[in-house]
Structures are given as structure tokens and as C-alpha cells.
Amino acid sequence: MKSGLKRALSKTAALLIVVFVVLAAGAALFLLRGGPAETTTTSAPAIPKKIAVVYDIGGRGDLSFNDMAYLGAKRAADEFGLELVEVQSKSESDYLPNLRTLARSGEYLLIVAVGFLMTDAVNQTAQEYPDQLFAIIDGYIPDKPNVLSVLFKEHEGSALVGALAAMVAANYGCSAVGVVLGMEIPVLYKFEAGYYWGIRYGEQVYKQHTGQDVSLNVLWTYTGAFNDPAKGKTATQAQLAQGACVVYNVAGATGLGIFEAVEEKAKQEGKDMGPPFAIGVDADQDYIKPGFIVASMMKRVDVGVYTAVKRALDYYQKKIDKFGGILELGLKEGGVAISKLEDLETFLELGIQAGTVKEAEKQQIIDKVKAMREAIPSWIWEEVDKLAETLKTNPDVAVDGLKFSDIAAKIPLDSDEIKQIRQQLGVPTG
Amino acid sequence: MERQKLIESLYRFAEIMVALIAGFAISGVIMWLGGYDPIKAYRAMLGTSILTTDPYNLAMTLSFSAPIMFTAITFAVGVRAGVFNIGAEGQMYVGALGAVLVAAMSLPGPLYLPLAILFGSLLGALWGAIAGVLKAYKGVNEVVSTIMLNWIAFWVVEYTRVDLLPNPRDPSKTIEMPEPGRLPILLKGTELTASIVLAVVVTLLSYYLLWHTVLGYEIRATGMNPRAARYGGINPERAVLWSFIIGGIAAGLAGVCEIAGRPPHYAITTGLSNLFGYGFDGITVSLIGANHPLGIIPAAIFVGGLTAGARGMQIVAGVPLEMVKAVQGVIIIALAVPGLLRLLKTRLTRGGG
Amino acid sequence: MAAGSRGAEHLIEMRGITKIYPDGTVALRGVDFYVRRGEIHGLLGENGAGKTTLMKILSGLLRPTSGEIWVNGRKVSFKSASEALKMGIGMVHQHLALVQVFTVYENIVLGLKAEGDARLRIEKLMEETGLKVPLDVRIENLPFGVRQRAEILKMLYRNVDVLILDEPTTNLTPVETDELFETLRRLKNQGKTVIFITHKLREVLEVTDRVTVLRNGRVVGVVETSKATPQQLAKMMVGREVVFTVSKPPREPGEPILEVRDLWVRNDLGEWAVKGVSFTVKAGEIFGIAGVEGNGQSELIQAITGLRRPEKGRILLEGRDVTGFPPSKLYRMGLGHIPEDRQGLGLVLDMNVAENSILGVQRGRRFMGKFYNLLWSSIRRHASQIIERFAVVAPSLDAPVRSLSGGNQQKLVVGRELSKEPKLIVAAQPTRGLDVAATEYIRKLLVDMRTRGKAVLLVSADLDEVLQLSDRIAVMYEGEFMGIARPEELTREQIGMMMGGYRLAGG
């Protein structure tokens, strides 16, 4: 048996050993020439000159969540003279190594983890590197002095687009509204809850204005992915077939498929404008398919990231003595908002940068969006704005006996709580 | 004879070197065309994974080589039996599911790990055996059946994650493996757990099995010449079935180790995104390693190193992930091509028999 | 010019041909080979003497390491078989290069430009040469002899002047062989030149004009056939006097070991291949089954050795019903099987000598430990013993069997099966394609086994072999036995009749 092992070794392993010897020799050469690992340990008091943004498996190019995080980081880097390093993740197994690799270098003022999915990894790394500052977008880590959890009141913004969706749908005589979501994570429950509440609120308002009773079916689908437009498209087509004429995108890059499906349906019916409409998310996505995206629930991740960087700088400059904690951004703080025509310009830049929009088309797009908005009765827009003001000042406003503040109080929501909310608002519980 | 062996070894070595150089050269051109500095990128990639003395990076490389070492064994044992078992992906999913099922039970602490290993490998074996039975006794093409079973496994496991065993704290993943059921971390502050030890042990065991047991002998004889195997008193159908079962165990263990030995999740995450792809990576690892367990170990470490080096490329050389994936894909394919061609050649020439 | 003048006498001149294969094997060591225009030239030698290599060089399939080739007074250097074909040299291989699913006609014109009168030309060729072939039948539906004629026709259609035939009679019946020889003579009369590769003395003497004898990559002599004797040629070929008869001490047969009763077996196509065969093989006897190949012998053997399930009838081993038992069980009960297809069935060519030495007994107590582990030291000892006892020439125990010559592969199979100390040995075509020395050796082994009290079932297409070795003979024709008799009771003519389907009178 021993000789058997030896023979097999001689046959296969010999050459592989040679490979490794060669590789090792290469390694030696590499390292002698200075080596790639730039592990210069910076002396303590100087303020690090770099910031890092780590994306989850959704990644850049979604024209929403992740790209907005980039925008915020870019703005902060430019303003404060910092170097920006971006790291994307191929799989969930990459989060921890990505964060650790950045943290252990000690070169970064702040490491921003973009996305709820990185919560565990940030938690772990923050514990191991207590001197490194972290920010996590959408993640809830309340008890670490070196972690800033940036949260958004998506339920507030979602309530606005929910009301809009309901009124638009009723206005065009549709029987349903829908929402297509990404992975089932608790952050999305906030979108769901606010949206459903807003829909019922919108029905109420519509009745006040027109005297018509409307009762919309509410459709929702979790696609399980933030980066799969094909899935988004199929899910949307199914909802459109069931009578939905407004579909809310809560699915990152998957949402690009929602837009496509909506546009296709409208064009099949010979229209160059909705209905059906989609509702954009995170960024102002109204320009992506102008005329088919009625509005966007802007979640200003850029504001969140920018604020976190600024706070880290302040902390280093001893302007504040506590970095960690929760930073919650809502309507009041400008963290969430429904898109306005005026927002379009800023976000068109994003599209131009990504190459999805041509500079020359800019004005045309703005005109088209404007026309679409004007096609919808202005009282609807006014009611949406009114709701925004109401929620800022009086969150106790109720529909179907459910106060908006009740929803807010339950956050973070778990799967049982969202089921309960769905039931209360007459949405299929799934 | 010795001379002939030496010539063959040198030939193989030259083949690997040529493939390696070609892979790096083609990728280099791609990067250069994309406006990135290939030298800097390669230095960053290898210098943060394999060609380094930094224990953290070496540990990361090893941690990424563990799952693909397991799944490479799945493919290699199949090849030895003359089948093209590309079902490691699905077998790994159900293996992970087995571990999560155990994690969901309330058990005395020390029982979690052994039960997870047992359950996961059993489910993996079972999943492999389905394709094995279909192949051996019904003549169903194993490529087709394993691909289909991969997707069935995907949705079954995804369903379980969403509806049966979601984590109440965080429904994006399943219930976590409790603390006592986790594989120990070998080097503090790294992701390297005892997974790698298990992977190497299983790889060595598979070597022992193939070359030092009767079953391995019968599997190999069947793979090389099923008619002669039958003449030799071997039941080729049973040998093929065994190869699927053994492969399923290895892949199932890959799944178990990702649950019990991959910080920080210790669970199946949404869309199976912490498992997805390891089964297919195993195929290329096996091909690079000449479908031989002793070749698979260095091959897995190399491919694991590429995965680990993806960070360095992004952070140090500023190459975006999409480009990193393209570069590594080209290198891996270049390395796997000679083995793949050889495999196809023997399969085609043997096609008549 | 010297070469030119000789060109008049010799159509083909190969001078100082040496061939060293990439793995270092020296196949030819400075061979001079001359063929006259319009003769039938025999190329005689044992297996591995270099005959086929030499002819592959002449027909452009291989390139010599050194040496020159002159055809018709011109020096040539072929890079491919098609170049040789253009010079009028064509080779018919042992494994015919025909497309199975094409008809004869399609095969003949394959790769040539369509010509309107192709069919007429082929028919005319058939008329002239006597090579009668049904043009519109698919190759797969034709017997081997007819396929071979189609291949020759294909060469002639391509205007070949020099026809090389590599062991053309291996798969032919005696009648077909006679027909082939007739054709060759006719071709000669039409001015064609034929090179005839063989190791069968009788054929060389019957059909050739001159013979070149090769041994171990060298020419040992060129003789006029009319002046040669079989003994002389045999001596040149093997380098010593050959004893053509195996001494067989008399022995009384003992208990019946194998009994076959009214056995019916189907072939792969579902047709009856064995139709109600019954016989008994006793301890200490060789029971020979003669017959033209393809008359059900293979299926009969497969049924007896557990490789094919019989439809009806019973097989008894030492009185125990073993019908439908798998091979592994039969081996444990004392069966040794030397299969007719040693490369496809008897050996795993890519496994090494040691691994092949236990095929079939891998689960034996000698080779398998408690934990189903292989006892390699014991296996290697076993393999070394086989190599030593049965004179297998192998570079090492770790050499893949593929690298062994055909004779040594067969010796390894025979050695392995005999070393099982079986009670019953089933030997199918045990000496096919082997050289004289190996043939003689293996025949002697079989006789030894019989003398030591084993039962031997011998199936062979080589009539001489069956006649010499067997204590009793059956002749098989279309799935049935035409008769069973002792060899000395039969004349060659009687056997020939039985092979052709006539029952033995009173048998």
C-alpha cells in the first residue's frame, strides 16, 4: 500500500509539485520586487485618506440603491479630498473577507457596507477591529461604538407612492396595483407596509374627490433576487395580466425588468405613455423609461452615505465624541421622498454616466416625463404632497383603523408582523 | 517505462504551463483593452492569495478552496466511473439543507456537528443516487438528469428556507447552526475553519477508495471498460451507482461545511447565494487536477486563490468585479481545456463500446 | 543510372528502412524489400516482426525514421495514404475502412468526383476480376468476406497497381479463402502486383510467387515459393524448428464438470443464435467446438460464462444448476474464462499489469482485506508470478496493458485465468492473432490443464487447433451442433461438410 501511494505520487503529483515550485519561485521574485501587498502601517494620529464602499451581491449598475451609495460616497470623497475604493462581492461568502481585508489594512477613514445582507459580517468585523469606523446602510447594529447604522423610513415614502398608485389606478379604472420585490429581507417589509397603507389611504381620498368607491386588489411578488431583471420582468407580466396597472419596484436591478414589462405592455396597446405604470425606487428612476414610470420613491442612500462620511470626519476631528449608533432618515430629514420633476436633472447624470442615457436625449426625456405628469389630474399630485406634510406632522392618521404610527412603532418588522399588517389592510397574506 | 512516464509527466507539465501562460496572456489583453494595468492586477491578485506570506490571505485562499475541493471529488469519481456527473451543485444544496435541518433541532451541543455531517452527506448521497439509479438502470443521460436535479434541489431548498426554516431574526436566511455545531476556526480573525481539514481528509480518502479498495478498483474498471468490468465479475450498473453515491457524499459535505464552517452566516442565505456555483467550480477544479484526488488538492488551492485574490484586484488594482470575473474565468477555462479535451476524446473514442 | 536500371526489374524498392516509434520501440531495423512487377509477394513473419509497419510505410500511413522508397524507378516520399494511392499503391487493412451504414456502391465511390458511368465501370471491374459484390446492400448487412471484396474493389476502382493485403484470411471461411486466392491470381494475370501479409505458412505456399520473411524488424530471407518448404519457412520465421503437434498424453475423462442441456440463446438483435445445444464436458478432457465464426459460438460461450442470459435450457456446473448466474458467482465456483475478445473483454487496457492480473478475482481472499481494501503487495506478487510462469513480456507491473504486444496480452489473460486453478476453463479463440511461439505455448498450457484433470471447453475458428487439442469435437452451424465426435474419427472433408451445414451421418 505504501508503495502504491508512492507510485501514484510519482505519476500525478510530481508534475504538480513542479508547478508549485515554479509558482513559489515566482512568489519569491514577486516579493523581492517589493510585492503587491501595500501594507504600510500608518502612524496612529493622522486622519486616513481613504474611504471604502463595499457592495453586496446586487452590485453596481442597478441605477438605484448601489449606484446611489456610490454617488454619495463620490460626493463626499470629492468634497473632503478622500480617495474612494469600491469593492463588490461575488457571493455572500465574500462579505467577511472583503470587510476584513479593508479593515486590517488600517488605511480607511470609513468602510461603508451597502446593504442589509452584510449586517452579520459588519458586526463581526467591527468587533475585531474596534478602531475602524464602519457604516452600514439598512443594517441594524445599535450597540457598537464604531458602527453607524443608516436606516431609512421607507414606509413613509412608500405610503406616498402607495397613495399615488391607488389614485392613478382608480383614475384609469384598473382593478389592481402591484409591487415586485427582491429578496425577502426585513427592510422590504417596511416598503410593503407603507405601500399597502398608502394604497388604502389613496382609495379613501379618491372617494372623497370623486364619490366613487374603489377597492383595489393588491398583488405582491418576491423574486428572490436584486440583480435579475429577467425575474422581475416575468413577475411583472404576471401582475399586469391580473389587472394591475401600477407596479412598484422594490427590487434593485431586478426592477429594470419591471420597467421593461410595463413599457412592452403599453406599447402593445399602442400607447407611448402609461398606464400601465411602474414606480421607481431608491433613485429617481423616472428617466429610465420616460412616460412609463409615474414617480419614484427616492431613498436617498447618497444622503446616508455622505452623512456617514462627514460624521466619521467630524469624529476624527473631535467635533463629535460619539460615532456609532442609529441614523434614521425619513421624510423630515430628506432621507426619503417622492420624486419631483425637479429631481430629474440630477439623476439623469447618473444615467448618462452609466451609459444608459445619451446627453442629447436629456431634454426630450424631461419633456416626456412632464407630459406624463400633466396627463394625470393635478389634484392627485396635490393629495400626495398633502399626505407627505401630514405624515411629517401627524403620523397618527389612520386608514381601515390602522394608524400610520402603529406601523412605524412596530419597526423592525418580522415576518409575522408583516403578515398581520397585510391582513389588516386586505392584502393577500401569502 | 520510467522514461515514458517522465516524458508523459513533462508533457503534462508543459501543457499546464502553456495553458497557464495562455490564460494569463489572454486575460491580460482583455484587461489592457479595458484600460487596466494587467501587471498590477496580477500582482494584486496573486499577492493577496497565493504568493504571499500574509497568513490572513493564505487562510482566505484555503477557506475558499475547501468547498470546491469537495465538489471536485464528486466530478472526479464520476469520471473515473465513466459518467459525467455535474450534479454536485444540487447535491451540495441538499447537503446544506441537511445541516440546517439538524441546526433547527434542539439537541445537546456536541451532537450538532456529527449529526449535521451525517444528515448532509446522507441527503447528498440520496440526491446523487437518484441520478445514479436513472443512469444505471434506466439509461437516462446523467448530464440531463443532474442538471434537472440541480434545479429541483435549488427550489426545494429555497422553499425550505422561505417557508419551513426561516430565521425568525432575519428571514433572508435559514436558521443558523448553533454555536456548538460550528466547525472551529483554525486561525483567529480569518474565515479558515476546519472545513479545509475535512476537505483534505475526504480527498485523501477518495484517493484511498479509488486506488486501494475493491470498490474503487471496480469503479475504475467500469469507467475504463464496462464490458471488461462485467466480464471481471463486476456489476457495472452498481459501480456507476456507487460513484454517484460517493460523489453525492462529497458534495453533501461541501454543503454541510458551508453551513457549519463559513462565518459569519452559518445558514443558507436567500437565493442560496452563499452556495451557488461551488458545484460547477468543482468541475473545473477536477479537470485542472486531472480528475485525480492528489491533483485536485493543488488545483482547488489555486482556484481558491483566484477567488480570494478577487479582493486584491479590486482594492489594490482598482479592477471592477465584472472584469475580475472575466479574467478569472478565462484563466480557469484555459487551465481546464486540456483536461476537458482529453476527457471528451476518451469518451468519444469509447463511444462505440 | 543504377536505380533506373533496377527499376525495370523491381516495381517497388524499399531500402534500409528503419522505423523507431516515438515511445522508443524499434519496429524496423534497416529493411530492404523488393517487389517485382506482376508478382504475388508474400510478407511472412510472426506477430510483431514488423510486417504491418513496413507496409504502412509503403502505403503512406507512416513515415520511416530513415531509408528510401523507390516506386517505378522514382524516389518517393509519401506524406499520406492518398499520396501513395495516387502512385497506385493501396492497402486493405485487417480492420476494413468501410462506412457501415453506406452501401457497397456508396463506399466504393466515397470521396471521388461523381462520374456518370461509375456504376458501369464497377460492374465491369467485377466482371474482370470475379469480385462479385451486391452493390446496393449496406456494408453492415454483409458477411466479412464480402466486405473484404468490396474493399478490394474500392482499391481497384481507384486504379491501384500494387495491392497490399494485411492478414486477409483471418476472418474468412475456408471457402472464402479459396475464392480470395482465386481473385488474387486473376489480378496477377491482369498485371497487378499483390503484397500479401500473413503468418500462415500454408497460404504463403499456396498463393505467392516469392516470399520475404521478417523477424524482429529484420529481413531474414527472400525465397522463391516454388523452392521453399514449410519447414524451412517456419524455421526462418521463428528462428528454430517448430513442432507442429502438441504431445497429448492419453487420459481417461472423469466426472462431468459442465453440462449444457437444450440451451437456447438470443443474440443482440433478438434472433436465435443458439438453438437447443446439449453437451457435456468432463474432467480431464478438452471439448472443442469448431465452425465458421458467427454461427452462435460467441453467444453459447457468453451464456455459459454468465455474460448473457439464456432463454431456455439449463447449464450445470458440477451438477449444480448455474443457469443465469452472474460471472462473479461462476468464478467462485471454479470457472476460468479466456474470452475471444481479449482487448475488449478480457482486459482493461488502460489499467496496468498488476491491476489486470486480478480482474475477476479482485474480491478473492488473497487480494482483498477486511475493509475491502486491496492488498497491493499480494496483488503484485500474484502478477509477478503470472509474468514469470507464463512468460509474459511486460516492461513493469505498472505498465498499462495497452503497451503490451497482442501475444503478451493474451498470455496475461491466459495466465490469470489458469492461475485461478479453475475446474472448468472456457477458452475462446485462445491463439487468434498470436505468433507461432505464443500459440504453441498456450496450446500446451491448455493440454496441461486437461491432463491435470481440468475440464476445458475450447472454441476456435482455427480447425487445426481444434483437431489437435480436442478429445472430442462438435461442429457448430447456425446455432446447432452438426455432430459430436472424436477427432480421429473424422476426416477434414467431413468436418468441412459439417461446417457447411451437413449433419454427421449417424452422429
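The model shown is predicted, which means the values in this text are computed figures rather than measured ones. To find a chain, count down the sequence lines: A is the first, B the second, and so on, and within it residues start at 1.
- The most heavy-atom pairs under 4.5 Å with chain B, out of Glu86(A), Arg100(A), Gln124(A), come from Arg100(A).
- Taking both residues in full, the closest heavy atoms of Pro97(A) and Met60(B) are given as CB-SD, 3.8 Å, listed atom of the first, atom of the second, then distance.
- Inter-residue side-chain proximity for Ser93(A) and Glu258(B) is flagged as met; some heavy-atom pair is nearer than 4.5 Å.
- Neither the backbone nor the side chain of Thr125(A) has a heavy atom closer than 4.5 Å to any heavy atom of chain B.
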* To do: Could you check Lys90(A) against Gln328(B) for side-chain contact (heavy atoms from CB on, under 4.5 Å), going step by step and ending with a plain yes or no?
  => CA-CA 12 Å; Lys90(A) 205 160 101 180; Gln328(B) 300 190 338; 3.9 Å; yes
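- Within the structure, the side chain to side chain donor-acceptor pair (under 3.5 Å) test picks out the following pairs touching residues 295-320 of chain B (sequence neighbours left out): Asp94(A)-Arg311(B), Asn98(A)-Arg311(B).
- For the pair Lys173(B) and Glu92(A), the salt-bridge criterion is not met [side-chain N within less than 4.0 Å of a carboxylate O].
- Looking at Tyr11(B), neither its backbone nor its side chain comes within 4.5 Å of chain A, counting heavy atoms on both sides.
- If you measure heavy-atom distances from Pro168(B) to chain A, the contacts under 4.5 Å come from the backbone alone.
- Heavy atoms of Ile57(A) lying under 4.5 Å from chain B belong exclusively to its side chain.
- The minimum heavy-atom distance linking Glu184(A) with Val162(B) is given by the pair OE1-CG1, 3.9 Å.
- Using a 4.5 Å cut-off between heavy atoms, Tyr140(A) does not touch chain B at all.
- Atom CD of Glu322(B) is surrounded by more than 12 heavy atoms from other residues, nucleotides or ligands within 6.0 Å.
- Nearest approach of Val85(A) to Ile315(B), heavy atoms of both residues: CG1-CA, 4.0 Å.
- Proximity to chain B involves both the backbone and the side chain of Leu117(A), based on heavy atoms less than 4.5 angstrom apart.
- In plain terms, the two heavy atoms of Ser91(A) and Ser273(B) that are nearest each other are CB-O, 3.6 Å.
- In this structure, no portion of Ala225(A) lies under 4.5 Å from any heavy atom of chain B.
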